[in-house]
Amino acid sequence: MALVIDGKRISQEIKNEIKEKVAELKEKGTTICLAVIQVGNDPASTVYVGNKKKACDYTGIESVSVELPEDTTEQELLSIIDKMNQDAHINGILVQLPLPKHIDENKVIETISPLKDVDGFHPMNVGALSTGKKGFLSCTPYGVIQLLKRSNIEIDGKHCVIIGRSNIVGKPMAQLLLRENATVTIVHSHTKNMREITRQADILVVAIGKPKFIKKEDIKEGAVIIDVGINRDENSKLCGDVDYADVFEKAGAITPVPGGVGPMTIAMLMMNCLEAVL
Ligand code: GUN
C-alpha cells in the first residue's frame, strides 16, 4: 500500500517558513512585491491567479494585480512588462499563461527581466538550470523535488522516468533530477515503447495531461508516483494523469490529485519571490 505524499501539508510547511523569513526581512526594511498579469479571463487562469494572490497575502508578500482585456496588443503587454522591469518596488513578475493567440508567449517571457522571472521561464534561467548555475527554478518541478526530499525519498542513483517534455514541467524536471544524481529518461507522445519504460521507473513523474492514463500494469512494484496532471474525469471530478485507485496498492508512494503537486507549485512561487530579494 502506498505512502500518500501530502502536498497540502508540505506546501503549508514551506509557506510557514517563508512567512517567517518575510517578516524578518520586513523588520530590516526589505519588502517583497510580486506583480501578476492576466490577459483575458480564462476561468482556469482566474482560479490560479487568485490562489497565487492568496498565497502572497498569507506569506506577507505584497501583490500587484494587473488584469488586461483579451484584445490587449502584444506591444501594450511588452511595455507594461518593461515598466515593471524598471520599477525597483517590484521584485517578481508573473504573466499567467496561456496568453491569447495573437500574443507571442516566447517574446513575452524573454521581455521579463531574468532577475524578476519568478516562473523560471526566461532562457537565461533555463540555461542556468542546465549548466548548474544559480537562477530561478520552474515552480512545478522545484515543488516535486521538495515533495521527494521532505518525504525522505532518495533520488540519488534512482531511475526517474518523466512522461512529458514541456518547457514548464518535463524538461526542467529532467534537469533538476539530474542535478540530484538520478538517471533520467523522458518519454513522450512519439516514444515507441512507453509503457515498457515506465515499468522500469523507481520514480515516475507523470505530466501528460490525460486523465487516469497510468494504470497498475505501467508501474514497477513499490515505485514512487508523482502525478502532475489536473484533469476532469467522466463525472467532472478532479483527477490526475494516474489512475490513483488502480495503482494505490502497487505503488510505494503516491501524490494525490488534488492535494499533491498542485499546492507545491504555488509554495515554490512564493519561495522564488523570497529568493528574488536575497
Ligand atoms: N499556466 C499554467 N501554469 C503556469 C505557471 O506555472 N506559470 C504561469 N505564468 N502560467 C502558468
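Note that the structure is a prediction, hence the values are computed from the model and not measured.
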message = If we ignore hydrogens and angles and just use 3.5 Å, is the side chain of Ser138 paired with the main-chain N or O of Pro141 as donor and acceptor?
response = no
inquiry  = Looking at Thr72, is its backbone amide N or carbonyl O close enough to the side chain of His102 to form a donor-acceptor pair, meaning the two atoms are under 3.5 Å apart?
reply    = yes
task = Given side chain to side chain contact (heavy atoms under 4.5 Å, CB included), test Val247 with Ile254 step by step and report yes or no.
result = CA-CA 9 Å; Val247 307; Ile254 187 165; 3.5 Å; yes
ask   = Between Met264 and Gly7, which heavy-atom pair has the shortest distance, and what is it?
value = SD-O, 3.8 Å
ask   = Just wondering, are more than 12 heavy atoms of other shown residues or ligands nearer than 6.0 Å to NZ in Lys215?
value = yes
key: salt_bridge(Lys101, Glu74) N-O dist < 4.0 Å   = no
key: Common cluster, Ile163/Ile230, ILVMFWY with side-chain heavy-atom separation under 4.5 Å   = no
ask   = Roughly how far apart are Asp57 CG and Lys52 NZ, rounded to 0.5 Å?
value = 15.0 Å
ask   = Same hydrophobic cluster for Val4 and Val257, using side-chain heavy-atom links shorter than 4.5 Å among ILVMFWY?
value = no
Shortest non-hydrogen contact between Val126 and Phe121, atoms and distance = CG2-O, 3.7 Å
ask   = Linking I/L/V/M/F/W/Y whenever their side-chain heavy atoms sit closer than 4.5 Å, directly or via other members, would Leu94 and Val277 fall into one cluster?
value = yes
ask   = CG of Asn41: more than 12 outside heavy atoms within 6.0 angstrom?
value = no
task = Mind listing the closest non-hydrogen atom pair of Asp218 and Thr198 along with its distance?
result = O-OG1, 2.8 Å
Shortest non-hydrogen contact from Ile10 toward Ser151 = CD1-OG, 3.8 Å
request  = Indicate yes or no: at least one non-hydrogen side-chain atom of Pro256 is less than 4.5 angstrom from one of Tyr244.
outcome  = yes
ask   = Does atom CE of Met124 have more than 12 heavy-atom neighbours from other groups under 6.0 Å away?
value = no
ask   = Are any non-hydrogen side-chain atoms of Leu274 and Leu25 less than 4.5 angstrom apart?
value = yes
request  = Report yes if the side chains of Asn51 and Lys54 come closer than 4.5 Å at any heavy-atom pair, otherwise no.
outcome  = yes
key: Step-by-step side chain to side chain contact (heavy atoms under 4.5 Å, CB included) determination, Ile112 to Asp119   = CA-CA 10 Å; Ile112 298 171; Asp119 260 326; over 6 Å; no
key: CD1-CD distance between Ile32 and Glu62, expressed to the nearest 0.5 angstrom   = 10.5 Å
query = Going through the checks in order, is the side chain to side chain contact (heavy atoms under 4.5 Å, CB included) test met by Gln38 and Thr46?
reply = CA-CA 8 Å; Gln38 184 181 353; Thr46 303; 3.0 Å; yes
inquiry  = Is it the case that the side chain of Asn235 and the backbone of Lys237 share a donor-acceptor pair, with hydrogens and angles ignored and the cut-off at 3.5 Å?
reply    = no
ask   = Where the side chain of Asp241 meets the backbone of Asp227, is there a donor-acceptor pair that is under 3.5 Å apart?
value = no
What pairs of donor and acceptor atoms, side-chain ones from residues 265-273 against any protein atom, are under 3.5 angstrom apart with sequence neighbours left out?
unit_1: Thr265; atom_1: OG1; unit_2: Thr140; atom_2: OG1; d: 2.9
unit_1: Asn272; atom_1: ND2; unit_2: Val118; atom_2: O; d: 2.8
unit_1: Asn272; atom_1: ND2; unit_2: Leu137; atom_2: O; d: 2.9

ask   = Which pair of non-hydrogen atoms, one from Gln146 and one from Ile14, has the smallest distance, and what is that distance?
value = CB-CD1, 4.2 Å
Interatomic spacing from CG in Leu177 to CD1 in Ile162 - rounded to 0.5 Å = 5.0 Å
request  = Decide yes or no for Ile197 and Thr191: does some side-chain heavy atom of the first lie under 4.5 Å from some side-chain heavy atom of the second?
outcome  = yes
request  = Would you kindly confirm whether Val36 and Val22 end up in one hydrophobic cluster when ILVMFWY residues are joined by side chain heavy atoms under 4.5 Å apart?
outcome  = yes
query = Within a strict 4.5 Å, meaning less than it, do heavy atoms of the Met173 and Ile145 side chains meet?
reply = yes
query = So if you build clusters from Ile, Leu, Val, Met, Phe, Trp, Tyr with side-chain heavy-atom gaps below 4.5 Å, do Tyr48 and Val228 land together?
reply = no
ask   = Do NZ/NE/NH1/NH2 and the carboxylate oxygens of Glu249 and Lys216 come within less than 4.0 Å?
value = no
task = List the steps, then state whether side chain to side chain donor-acceptor pair (under 3.5 Å) holds for Lys53 with Ser65.
result = CA-CA 8 Å; Lys53 287 191 276 196; Ser65 174; 3.0 Å; yes
message = Between Leu99 and Asp104, is there a side-chain heavy-atom distance shorter than 4.5 Å?
response = no
task = Please check if atom NZ in Lys15 has more than 12 non-hydrogen atoms from other residues, nucleotides or ligands closer than 6.0 Å.
result = yes
note = Rounded to the nearest 0.5 angstrom, the OG1-CG distance for Thr183 and Asp156 is 9.0 Å
request  = Would you check if Pro172 and Leu129 make a side-chain contact, meaning some heavy-atom pair closer than 4.5 Å?
outcome  = yes
request  = Only counting residues at least two apart or in another chain, list the ones meeting side chain to side chain contact (heavy atoms under 4.5 Å, CB included) with Glu13.
outcome  = Arg9, Glu17, Arg150
query = Can you check whether His190 reaches Arg165 side chain to side chain, under 4.5 Å on heavy atoms?
reply = yes
task = Go through Lys83 and Asp87 one step at a time and tell me if the side chain to side chain contact (heavy atoms under 4.5 Å, CB included) criterion holds.
result = CA-CA 6 Å; Lys83 272 201 203 103; Asp87 184 342; over 6 Å; no
inquiry  = So, taking the atom named CG in Asp42 and the one named CD in Glu70, what distance separates them when rounded to the nearest 0.5 Å?
reply    = 8.5 Å
Spacing of CD1 belonging to Ile81 relative to CD1 belonging to Ile37, to within rounding of 0.5 Å = 5.0 Å
request  = May I ask you to check whether over 12 heavy atoms, not counting those of Glu234, lie within 6.0 Å of atom CD?
outcome  = yes
message = Looking at every non-hydrogen atom in both residues, tell me the closest pair between Gly164 and Ile186 and how far apart they are.
response = O-CG2, 3.6 Å
All N/O donor-acceptor pairs, side-chain side in residues 200-214, below 3.5 Å, sequence neighbours left out:
unit_1: Gln200; atom_1: NE2; unit_2: Glu196; atom_2: O; d: 3.4
unit_1: Asp202; atom_1: OD1; unit_2: Lys220; atom_2: NZ; d: 2.7
unit_1: Asp202; atom_1: OD2; unit_2: His159; atom_2: N; d: 2.7

inquiry  = The test is salt bridge (Lys or Arg N to Asp or Glu O under 4.0 Å); show your working for Lys158 and Glu180 and say whether it passes.
reply    = CA-CA 10 Å; Lys158 294 292 166 64; Glu180 299 294 332; over 6 Å; no
